[in-house]
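Labels below follow one simple rule: chain letters A, B, ... track the order of the sequence lines, proteins then strands, and each chain is numbered from 1.
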Amino acid sequence: MNRKVLNEKTIKDFQIKILSWYKINKRDFPWRKTTDPYFILVSEVMLQQTQAKRVVPYYEKFVKKFPTINDLADAKNSEVLLVWSGLGFNNRAIRLKEIAKTIQLNNGAAFPEKIDELLALKGIGNYTAAAIAAFAFNKKTVVIDTNIRRVLIHELHLSENISQKLLSEIALSVIPNGKSRIWHNALMDYGAMAATARLTNIKSKSKQSTFKGSEREVRGKILKLLLDEKKLTKAKLAELFLHENLEEIIRKMKTDGLVEERRGLITIIN
DNA sequence: ATCCGGATCC
DNA sequence: GGATCAGGAT
């Protein structure tokens, strides 16, 4: 059933190439100085679709303000959004807080270790669940982000159209025993610094529509304004933003749990 | 298949 | 200016 795709020598050479490169070139990030699953969770959610370098100051502010999962669970949404402000994809912040609340409620703040339990939390998908398993618990799990996918395709000469299933089998077959944590950090650094998207010409899987002039941009501005002003009437927003779809934009922000409306007053949910 | 921020790199 | 960025939910 599972035919072996790579021979032993190919695997060994690949491991040595990546790990020796990493020894010399590795990046130093604050979330690599800990194996506490709560801190790993915070970093991984922040890192979703966001350059690692840019996450660093946000991560440090965040864990200083919310040092434990209970601190985050008990925080107000507006406090969390304020620390998050500028990082983008703001519903990640709300989801992260909800995850903290769920863990606090269900497990008495005992952090779930099984992939299935992690996947059940809204805001944690395949990548983030695997990343927590690898970086917090050093589990031999298939971790594939945009960097690792590109490195595997480039270094092992795979097709860009390779199926998720086959890529996962290959990714699993090359993890050195007992070194899941360091291995996946090494692959990511190699992808981010050596086998970059530009150099390899391998296209990214996730694409985004133009941000400038988008409704997403308006959303961001509205939220930032609310963080300053605390509350605004819908009429005032209409006056400030003059957007034909303002109603729809606000509706989505409500659906995402960012804001609520009472008697024509828009506020951040607390 | 689309939507969700905003900065950073060329 | 455009592509990319440690993705996820619907």
Side-chain angles (χ1 to χ4, degrees), chain A residues 22 26-32 39-59 81-96 98-99 118-136 141-152 164 171 180-193 195-227 245 248-259:
Chain A
Y22 181 64
K26 66 177 166 187
R27 298 180 292 179
D28 186 30
F29 292 121
W31 50 87
R32 289 186 180 172
F39 294 139
I40 301 297
L41 167 69
V42 171
S43 70
E44 288 305 335
V45 174
M46 286 185 166
L47 285 161
Q48 290 167 3
Q49 286 289 284
T50 310
Q51 288 96 329
K53 201 166 110 186
R54 197 156 70 85
V55 168
V56 173
Y58 286 89
Y59 171 84
L81 285 169
L82 197 58
V83 179
W84 200 274
S85 182
L87 196 55
F89 288 153
N90 298 296
N91 52 31
R92 286 183 298 174
I94 302 303
R95 293 199 186 122
L96 182 54
E98 289 305 313
I99 290 169
L118 292 167
L119 281 175
L121 299 164
K122 192 178 294 184
I124 296 183
N126 280 311
Y127 163 74
T128 303
I132 292 170
F135 296 138
T141 315
V142 173
V143 184
I144 300 180
D145 74 324
T146 186
N147 290 306
I148 294 179
R149 169 178 168 274
R150 193 173 55 248
V151 170
L152 294 175
Q164 191 57 235
S180 181
R181 179 183 291 123
I182 186 177
W183 174 246
H184 290 107
N185 276 325
L187 283 177
M188 285 183 187
D189 281 6
Y190 190 82
M193 300 165 74
T196 62
R198 187 172 296 274
L199 286 174
T200 62
N201 205 22
I202 294 171
K203 307 308 283 179
S204 168
K205 291 287 267 189
S206 74
K207 297 189 198 333
Q208 294 183 26
S209 49
T210 315
F211 175 67
K212 187 70 183 151
S214 68
E215 297 188 359
R216 203 150 93 245
E217 183 179 29
V218 178
R219 267 179 67 134
K221 284 180 178 167
I222 291 175
L223 189 66
K224 199 160 282 186
L225 200 56
L226 284 170
L227 284 170
N245 289 335
E248 175 67 6
I249 292 171
I250 292 173
R251 192 191 61 71
K252 279 185 193 164
M253 294 179 77
K254 290 184 195 168
T255 305
D256 273 357
L258 290 169
V259 302

Contacts to DNA chain B from residues 180-189 of chain A, heavy-atom cutoff under 4.0 Å, which residues?
none

Could you state the atom-to-atom distance from NZ of Lys205(A) to P of dG8(C) in whole Å?
14 Å

Glu98(A) CD to dG8(C) P: how many Å, rounded?
18 Å

Trp31(A) atom CH2 is separated from dA6(C) atom C1', nearest whole Å, by 9 Å

Within residues 180-189 of chain A or reaching into it, pairs that qualify as salt bridge (Lys or Arg N to Asp or Glu O under 4.0 Å) - sequence neighbours excluded
Arg27(A)-Asp189(A), Arg32(A)-Asp189(A)

Can you sort out the partners of Lys53(A) under side chain to side chain contact (heavy atoms under 4.5 Å, CB included), two or more places apart, ordered by chain and number?
none

Strictly by salt bridge (Lys or Arg N to Asp or Glu O under 4.0 Å), give each pair with a member in residues 81-92 of chain A just once, sequence neighbours left out.
none

Between dC10(B) and dA6(C), how far is it from one P atom to the other, in whole Å?
14 Å

Per the under-4.0 Å heavy-atom filter, residues of residues 121-134 of chain A near DNA chain B come out as none

Is the side chain of Ser214(A) donor-acceptor paired with the backbone N or O of Phe211(A) at a distance under 3.5 Å, no angle test?
yes

Side-chain atoms of residues 40-49 of chain A: list all donor-acceptor pairs with protein atoms under 3.5 Å, sequence neighbours left out, distances to 0.1 Å.
residue	atom	partner	partner atom	Å
Ser43(A)	OG	Ile40(A)	O	2.8
Glu44(A)	OE1	Tyr127(A)	OH	2.7
Gln48(A)	NE2	Gly123(A)	O	3.4
Gln48(A)	NE2	Thr128(A)	OG1	3.0
Gln49(A)	OE1	Ser206(A)	OG	3.2
Gln49(A)	OE1	Gln208(A)	NE2	3.3
Gln49(A)	NE2	Ser206(A)	OG	3.3

Below the 4.0 Å mark, does dC5(C) have OP1 or OP2 next to a side-chain nitrogen or oxygen of Ser204(A)?
yes

Asn91(A): partners by side chain to side chain contact (heavy atoms under 4.5 Å, CB included), with sequence neighbours left out
Arg95(A), Arg219(A), Asp256(A)

How far apart are the C-alpha atoms of Arg216(A) and Ser209(A), what are their side-chain angles, what is the distance that settles it, and do they pass the side-chain contact (heavy atoms from CB on, under 4.5 Å) test?
CA-CA 10 Å; Arg216(A) 203 150 93 245; Ser209(A) 49; 3.4 Å; yes

Going by heavy atoms in the side chains, are Lys122(A) and Ile99(A) under 4.5 Å from each other?
no

Nucleic acid footprint by protein, nucleotides 4-10 of chain B - heavy-atom cut-off 4.0 Å, B for base, S for sugar-phosphate alone:
BBBBBSS

Dot-bracket for DNA chain C, please. Rules: Watson-Crick or G-U, both distances under 3.5 Å, ( ) within the strand, [ ] when a pair crosses earlier ones, | for another strand, . otherwise.
|||||.||||

Are there over 12 heavy-atom neighbours, none belonging to Lys212(A), within less than 6.0 Å of that residue's NZ?
no

Does Arg150(A) make a side-chain donor-acceptor contact with the base of dA6(C), cut-off 3.5 Å?
no

Ser206(A) vs dG7(C): side-chain N/O to OP1/OP2 distance below 4.0 Å
no

Answer yes or no: is there a donor N or O on one side and an acceptor on the other, between the side chain of Thr255(A) and the main chain of Arg251(A), under 3.5 Å?
yes

I'd like to check the side-chain hydrogen bond (donor to acceptor under 3.5 Å, both in side chains) partners of Asp145(A); sequence neighbours left out, ordered by chain and number.
Asn147(A)

May I have the distance from Arg149(A) (atom CZ) to dT4(C) (atom C1'), rounded to whole angstrom?
13 Å

Going by side chain to side chain contact (heavy atoms under 4.5 Å, CB included), name the residues that satisfy it together with Thr196(A), two or more places apart in sequence or in a different chain.
Arg198(A), Leu199(A)

Would you measure the distance from the C1' atom in dC4(B) across to the matching atom in dT4(C) and give it in whole Å?
16 Å

Contact class for Trp84(A) vs. all strands (heavy atom < 4.0 Å): base, sugar-phosphate, or nothing?
nothing

What is the distance, to the nearest angstrom, from the OH atom on Tyr59(A) to the C1' atom on dA6(C)?
14 Å

Without decimals, in angstroms, what is the distance between Met193(A) CE and dT4(C) C1'?
17 Å

Given side chains that start at C-beta, do those of Trp84(A) and Leu87(A) come closer than 4.5 Å, heavy atoms only?
yes

With sequence neighbours left out, what residues match Pro30(A) under side chain to side chain contact (heavy atoms under 4.5 Å, CB included)?
Val56(A), Tyr59(A), Glu60(A)

